[in-house]
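Written below as structure tokens is the structure these notes are about.
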Amino acid sequence: MQKRVGIFGGSFDPPHNGHLAIIQSAIKQLALDTLFIVPSFLNPFKNAFYFTPNTRLAWLEQITKNIDSKKCALSVLDFEVRQNAPTPTFKTLKHILNSYDFGTNARYFLLLGADNVESLPKWAEFSWLEKNVEFVIIPRNNYTIPKNYATLEFKEIAISATELRKMLELREYATLKKWIPQEILESVIKEANCKKEKH
């Protein structure tokens, strides 16, 4: 049996219902046996994170444990957080290849937002990644997906983590309730308020 392995990395700063919808769509559409959700320590193309890596990791573990993933093994991978530094995707994939035995003919699917497609060729070891994973693009508003990439059939998310951080700054809690999973909402608000008090 050929194993189908998905990798969904991101800042998840903070995680939101859009991320959960992507996870559920990917499991179903790609018929995944395993899906790794990989919070970054820091996106190599960004210079700061809002919530700490360990906080984001804990939140992801909390909100994904109740996902009905049926035959798919769901795993929040702490590899990049443990590196304590920005980690290029190829290193994460090599870690997965070396640490898990999915068999020599396994297929690996790397999920990424349409906003990342343009910068893809600049990714470290891009040609190695092209040979070892199949890119699956998540639609984002105002971004065109080149025809040579597989696309997740997914209605564009009407929110981004950037917008959620703005809402937290402005204390727009009623709107936040729609987008941040109930299990972590209180913790997200508390962490954001602690940040404000420190500034």
Side-chain angles (χ1 to χ4, degrees), residues 6-26 35-65 67 74-93 95-96 109-120 122-124 126 129 133 135-143 152 154 156-170 175-176 178-181 183-185 187-196 198-199:
I7 300 113
F8 177 31
S11 300
F12 303 103
D13 195 16
H16 53 71
N17 290 332
H19 294 134
L20 291 178
I22 290 165
I23 289 165
Q24 284 160 326
S25 296
L35 175 59
F36 291 103
I37 300 149
V38 192
S40 60
F41 173 81
L42 176 65
N43 180 321
F45 293 97
K46 290 180 183 171
N47 56 15
F49 46 71
Y50 190 77
F51 294 109
T52 69
N54 282 314
T55 302
R56 290 181 275 118
L57 178 73
W59 285 338
L60 276 171
E61 285 170 344
Q62 210 173 336
I63 65 173
T64 54
K65 66 182 176 200
I67 288 180
L74 207 57
S75 174
V76 178
L77 195 67
D78 66 355
F79 174 72
E80 292 191 13
V81 168
R82 281 191 287 111
Q83 304 314 298
N84 223 31
T87 306
T89 300
F90 83 91
K91 282 193 177 174
T92 305
L93 186 64
H95 166 75
I96 290 169
F109 301 89
L110 183 66
L111 292 150
L112 64 152
D115 50 324
N116 290 300
V117 173
E118 206 179 310
S119 66
L120 250 184
K122 295 178 193 162
W123 286 24
F126 174 63
L129 278 170
V133 296
F135 298 111
V136 180
I137 313 302
I138 304 154
R140 286 287 295 263
N141 285 330
N142 308 318
Y143 286 95
L152 196 67
F154 187 78
E156 287 97 339
I157 303 164
I159 197 73
S160 70
T162 309
E163 289 168 282
L164 289 173
R165 292 194 296 272
K166 279 180 197 156
M167 286 177 199
L168 284 162
E169 290 289 333
L170 299 168
T175 319
L176 279 170
K178 273 176 33 185
W179 293 108
I180 293 182
E183 309 98 295
I184 63 167
L185 180 62
S187 178
V188 169
I189 291 169
K190 190 178 165 188
E191 285 290 329
N193 287 338
C194 286
K195 282 180 75 67
K196 279 189 218 126
K198 283 175 191 167
H199 286 299

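As the structure is a prediction and not an experimental result, all values here were calculated from the model. Computed over heavy atoms, backbone and side chain alike; hydrogens, waters and symmetry mates excluded.
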Closest heavy-atom pair and its distance - [X], [Y]:
{"X": "P39", "Y": "V81", "result": "O-CG2, 3.7 Å"}
{"X": "E183", "Y": "I63", "result": "OE2-CA, 3.8 Å"}
{"X": "L74", "Y": "T64", "result": "CD2-O, 3.7 Å"}
{"X": "F51", "Y": "D13", "result": "N-OD1, 2.8 Å"}
{"X": "F49", "Y": "F41", "result": "CD2-O, 3.2 Å"}

In a table with atom names and distances, give each donor-acceptor pair under 3.5 Å that connects a side chain of residues 14-26 to protein atoms at least two apart or in another chain.
residue	atom	partner	partner atom	Å
H16	ND1	G18	N	3.1
N17	ND2	K178	O	3.0
N17	ND2	W179	O	3.4
H19	ND1	H16	N	3.0
S25	OG	A21	O	3.0

[X] versus [Y]: any side-chain heavy-atom pair under 4.5 Å?
{"X": "I96", "Y": "F79", "value": "no"}
{"X": "F8", "Y": "I138", "value": "yes"}
{"X": "E191", "Y": "V188", "value": "no"}
{"X": "H95", "Y": "R82", "value": "yes"}
{"X": "N116", "Y": "W123", "value": "yes"}
{"X": "W59", "Y": "S187", "value": "yes"}

Any donor-acceptor N/O pair, [X] side chain to [Y] backbone, under 3.5 Å:
{"X": "S40", "Y": "V38", "result": "no"}
{"X": "Q62", "Y": "I184", "result": "no"}
{"X": "T52", "Y": "T55", "result": "yes"}

For the atom pair [atom1] ([X]) and [atom2] ([Y]), what is the distance rounded to the nearest 0.5 Å?
{"X": "L176", "Y": "L168", "atom1": "CG", "atom2": "CG", "result": "4.5 Å"}
{"X": "D78", "Y": "Q83", "atom1": "CG", "atom2": "CD", "result": "9.0 Å"}
{"X": "E80", "Y": "L77", "atom1": "CD", "atom2": "CG", "result": "8.0 Å"}
{"X": "I180", "Y": "I189", "atom1": "CD1", "atom2": "CD1", "result": "7.0 Å"}
{"X": "Y143", "Y": "D115", "atom1": "OH", "atom2": "CG", "result": "5.0 Å"}
{"X": "I37", "Y": "S75", "atom1": "CD1", "atom2": "OG", "result": "7.5 Å"}

Give a yes or no on whether [X] atom [atom1] has more than 12 heavy-atom contacts from other residues, nucleotides or ligands under 6.0 Å away.
{"X": "E163", "atom1": "CD", "result": "yes"}
{"X": "N141", "atom1": "CG", "result": "yes"}
{"X": "R165", "atom1": "CZ", "result": "yes"}

Inset, instruction - Apply side chain to side chain contact (heavy atoms under 4.5 Å, CB included) to the pair L120 and L112, showing each step before the final yes or no. - result: CA-CA 10 Å; L120 250 184; L112 64 152; 3.9 Å; yes
